[in-house]
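Convention: sequence-line order gives letters A, B, ...; per-chain numbering from 1.
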Number of protein chains: 2
Amino acid sequence: MLLEAVRTIHAEGAAALTLRGVGDRLGVSRTALYRHFTDKQALLDEVAAEGFRMLRRALVEAWGDGGRAGFDAMGVAYVHFAVTHPSHYRVMFGGAAEKRQPRPESDDDDSTEAFQVLVDAIVAEQAANRVRRDDPQALALYIWAMVHGVAMLTLDGLLPPPTTAEALAGLAIARLHDGIDR
Amino acid sequence: MLLEAVRTIHAEGAAALTLRGVGDRLGVSRTALYRHFTDKQALLDEVAAEGFRMLRRALVEAWGDGGRAGFDAMGVAYVHFAVTHPSHYRVMFGGAAEKRQPRPESDDDDSTEAFQVLVDAIVAEQAANRVRRDDPQALALYIWAMVHGVAMLTLDGLLPPPTTAEALAGLAIARLHDGIDR
DNA sequence: ACCTGAACACCGTTCAAGT
DNA sequence: ACCTGAACACCGTTCAAGT
């Protein structure tokens with residue numbers, strides 16, 4: 001079921017995920033899957049949710065005891081997750097939301113929980129007087145956009161050859177702290 | 001041909017782009033299209049290239065006479081382009097590169113030219129002593145990732161309700177200059 | 001930057017039917 | 001959180017054939 005779908009995506013990419021294929025590998029007819037998911041999109045939604053849970057765990061682990069080291073480690077961990085699970089990451093973003101239901105009143109979905117880890121880290125850093133006291137939610141959104149952008153450009157193969165995802169992530173985190181102005 | 005494809009994508013989204021549909025609207029059989037494009041992917045590649053040309057023009061116009069005002073206007077223009085051409089923007093990124101040929105030795109393709117506008121702006125700002133003298137290429141990649149991230153989160157509908165793309169873009173550009181540290 | 005019609009190998013989804 | 005087989009309405013792509 002869900003596990004088999006995740007496995008397929010990881011091995012062959014999201015484009016290769018077909019209900020027939022999943023059914024075959026499960027030794028069941030494709031139509032039987034409709035007992036478990038109303039839709040192919042519903043299956044993809046669950047795959048995405050699983051991805052956000054994995055990402056959340058990775059961020060919590062990177063944060064560790066916190067501080068600037070933990071904070072920066074979260075940024076690296078985020079990009080690292082995307083680079084090591086490219087197809088899964090694409091399912092999590094990549095327009096699945098375009099057609100996804102307008103959220104069935106669940107403000108506590110898995111993507112929100114992953115995001116919350118970042119918000120909490122910012123609040124902690126603000127309390128330690130290391131981060132400016134802007135609205136933590138807004139700041140978190142900004143940082144999320146930053147690492148998300150780095151991840152996407154990397155997955156799309158848009159980094160000019162010498163550049164690595166790690167190098168760009170490092171530079172991004174440094175500039176994140178003190179800006180680009182002279 | 002290309003124009004018709006762009007029109008369809010703008011009106012109904014990239015998922016609705018079918019060779020049969022394009023052929024029909026052009027009053028021609030679908031197989032006839034294979035005279036003009038080797039592949040559906042090749043058509044999408046051309047759509048993407050056209051998008052990068054449009055984006056480049058928007059950035060050049062926003063930059064105008066340059067300076068910090070022009071620089072910030074480029075950031076806003078970038079996000080504005082993505083928000084007003086969501087489907088087109090998705091074709092430009094969104095994994096088309098995943099299967100795209102590994103660049104037929106064209107370092108001067110349309111996406112590179114759009115990127116170059118940003119690099120040039122950074123060089124100008126560095127010359128005016130307003131931006132730190134890091135490698136302009138690397139700095140441009142960082143900023144690109146930033147605005148790309150803002151654009152993608154917006155298109156994916158991940159901005160929490162009160163937040164608008166413009167507001168996030170504004171905050172992002174401000175933080176871009178002087179960082180998040182206290 | 002030639003166009004067509006038929007055919008092929010795929011899809012997701014529905015539906016009547018069986019346990 | 002039941003499963004099946006047949007059928008439907010779609011795809012992209014290929015190919016022999018015609019101008």
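Residues satisfying the salt bridge (charged side-chain N to carboxylate O under 4.0 Å, His left out) criterion with A:Glu46, sequence neighbours excluded, are absent altogether. Partners of B:Asp135 by side chain to side chain donor-acceptor pair (under 3.5 Å), not counting sequence neighbours: none found. Contacts of A:Asp134 classified as salt bridge (charged side-chain N to carboxylate O under 4.0 Å, His left out), with partners at least two apart in sequence or in another chain: A:Arg132, B:Arg175.
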* Give the dot-bracket string for DNA chain C, reading 5' to 3', where a pair is Watson-Crick or G-U wobble with both distances under 3.5 Å, ( ) marks pairs inside the strand, [ ] marks pairs crossing earlier ones, | marks a partner on another strand, and . marks unpaired. => .|.|||||...|||||.|.
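Nucleic acid contact class of A:Thr31 (heavy atoms, under 4.0 Å, all strands): base. When heavy atoms are screened at a 4.0 angstrom cut-off, A:Leu43 is found touching no nucleic acid atom at all.
Sorted by first then second residue, the side-chain hydrogen bond (donor to acceptor under 3.5 Å, both in side chains) pairs that include residues 17-29 of chain A, not counting sequence neighbours, are A:Glu4-A:Arg25, A:Thr8-A:Arg25, A:Ser29-A:Thr31.
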Show me the side-chain donor-acceptor pairs of residues 53-62 of chain A shorter than 3.5 Å, one per line, residues at least two apart or across chains.
unit_1	atom_1	unit_2	atom_2	d
A:Arg53	NE	A:Asp110	OD1	3.1
A:Arg53	NH1	A:Glu50	OE1	2.4

Contacts table for residues 65-76 of chain A: side-chain donor-acceptor under 3.5 angstrom, sequence neighbours left out:
unit_1	atom_1	unit_2	atom_2	d
A:Arg68	NE	A:Asp72	OD2	3.2
A:Arg68	NE	A:His177	NE2	3.4
A:Asp72	OD1	A:His177	NE2	2.8

Can you give the donor-acceptor pairs under 3.5 Å from side chains of residues 137-155 of chain B to other protein atoms, not counting sequence neighbours?
unit_1	atom_1	unit_2	atom_2	d
B:His148	ND1	B:Tyr89	OH	2.6
B:Thr154	OG1	B:Val150	O	2.7

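In plain terms, the two heavy atoms of A:Val47 and A:Ala5 that are nearest each other are CG2-CB, 4.1 Å. Contact between A:Pro136 and A:Val119 at its shortest, heavy atoms only, is CB-CG1, 4.3 Å. When all heavy atoms of B:Pro86 and B:Val83 are compared, the closest pair comes out as CD-O, 3.4 Å. The heavy-atom pair separating B:Ala124 from B:Trp63 by the smallest distance is CB-CZ2, 4.0 Å.
Scanning residues 32-40 of chain B for heavy-atom distances under 4.0 Å to DNA chain D yields B:Tyr34, B:Asp39, B:Lys40. Less than 4.0 Å separates DNA chain D from no heavy atom of any residue of residues 3-11 of chain A. If you check residues 21-30 of chain B against DNA chain C, the residues with a heavy atom closer than 4.0 Å are B:Val28, B:Ser29, listed by number.
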* Could you walk me through whether B:Leu33 and B:Leu43 pass the side-chain contact (heavy atoms from CB on, under 4.5 Å) check? -> CA-CA 9 Å; B:Leu33 299 174; B:Leu43 208 191; 5.7 Å; no
* Between B:Phe52 and B:Asp109, does a side-chain contact (heavy atoms from CB on, under 4.5 Å) hold up when you go through it step by step? -> CA-CA 9 Å; B:Phe52 279 114; B:Asp109 63 308; over 6 Å; no
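When side chains are defined from C-beta on, B:Val22 counts as touching B:Leu17, because their heavy atoms get closer than 4.5 Å.
Taking the 5' to 3' direction, DNA chain C first and last meets chain B under 4.0 angstrom from a heavy atom at C:dA1 to C:dA6.
Atom OG1 of B:Thr163 and atom CG of B:Leu168 lie 7.0 Å apart (nearest 0.5 Å).
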